[in-house]
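Quick note: numbers below take in every heavy atom, side chains included, and nothing from hydrogens, waters or symmetry partners.
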Amino acid sequence: HHIHVFLKTSRDGKEKIMVAANNDAHSMHNLKIHNFHAVMGGNNIQDISHGHKAEVINDDFEYGLNPGEVKLFYIKY
């Protein structure tokens, strides 16, 4: 498995962040998240990653993670 995903909710439950990291330094891997809005608890998800950002974050989300790339998805309720 080349992609690690971590999900963290703030203590007060008002914020959530997902970190998705491609730990393969040589190859791109696809990140696929079904029911992303349910996972994050809403549809106003922001890509706050450094560099290139996902323009659209659909409920069935798919993104090609470059070698070593880390994506940060954030939502505030």
**Asked** Does a donor on one side chain sit under 3.5 Å from an acceptor on the other, for H2 and N22?
**Response** no
**Request:** Determine whether the side chains of Y63 and H29 contain a donor N or O and an acceptor N or O closer than 3.5 Å.
**Result:** no
**Minimal non-hydrogen separation, Y77 against G41, with atom names** = CE2-O, 3.3 Å
**Request:** Using a cut-off of 6.0 Å, state whether more than 12 heavy atoms not belonging to K32 lie near its atom NZ.
**Result:** no
**Request:** Answer yes if M18 and I45 sit in the same cluster of Ile, Leu, Val, Met, Phe, Trp and Tyr residues linked by side chain heavy atoms under 4.5 Å apart, and no otherwise.
**Result:** yes
**Asked** If Ile, Leu, Val, Met, Phe, Trp and Tyr residues are connected whenever their side-chain heavy atoms lie under 4.5 Å apart, and connections chain through other members, are I3 and V70 in the same group?
**Response** no
**Request:** Flag yes if V5 and L7 sit in one hydrophobic cluster, no otherwise; membership is Ile, Leu, Val, Met, Phe, Trp, Tyr, and two members link when side-chain heavy atoms are under 4.5 Å apart.
**Result:** yes
**Request:** Could you go through the side chain to side chain contact (heavy atoms under 4.5 Å, CB included) check for H4 and N23 one step at a time?
**Result:** CA-CA 7 Å; H4 288 101; N23 65 347; 3.0 Å; yes
**Prompt:** Any side-chain heavy atom of I57 within less than 4.5 Å of one from D47?
**Reply:** yes
**Message:** Using side-chain heavy atoms (C-beta onward) and a distance below 4.5 Å, is F36 in contact with H34?
**Reply:** no
**Prompt:** How long is the gap from CG on D60 to CD1 on I33, to the nearest 0.5 Å?
**Reply:** 10.5 Å
**Request:** Grab the two heavy atoms, one from N44 and one from I75, that are nearest each other, plus how far apart they are.
**Result:** OD1-CD1, 3.0 Å
**Item:** Nearest-0.5 Å distance that lies between atom OG in S27 and atom CG in N66
**Value:** 11.0 Å
**Asked** Minimum heavy-atom separation for K14 to D12, with atom names?
**Response** N-OD1, 2.9 Å
**Request:** For residues K71 and A54, report the shortest heavy-atom separation together with the two atoms involved.
**Result:** NZ-N, 3.7 Å
**Request:** Decide yes or no for T9 and I17: does some side-chain heavy atom of the first lie under 4.5 Å from some side-chain heavy atom of the second?
**Result:** no
**Request:** Report yes if some heavy atom in the side chain of D59 is under 4.5 Å from a heavy atom in the side chain of N43; otherwise report no.
**Result:** no
**Nearest non-hydrogen partners of S49 and L72, listed with the distance** = OG-N, 2.7 Å
**Message:** Count I, L, V, M, F, W, Y as connected when their side-chain heavy atoms are under 4.5 Å apart, and connections chain through other members. Are M28 and L31 then in the same cluster?
**Reply:** no
**Message:** Between Y74 and E15, do the side chains contain a donor N or O and an acceptor N or O under 3.5 Å apart?
**Reply:** yes
**Asked** Between N58 and H37, what is the shortest heavy-atom contact and its length?
**Response** C-NE2, 3.7 Å
**Request:** Indicate if F73 and I48 have the same hydrophobic cluster label, given that clusters are the connected sets of ILVMFWY residues with side-chain heavy-atom separations under 4.5 angstrom.
**Result:** no
**K16 side-chain N/O to V39 backbone N/O, donor-acceptor pair under 3.5 Å** = yes
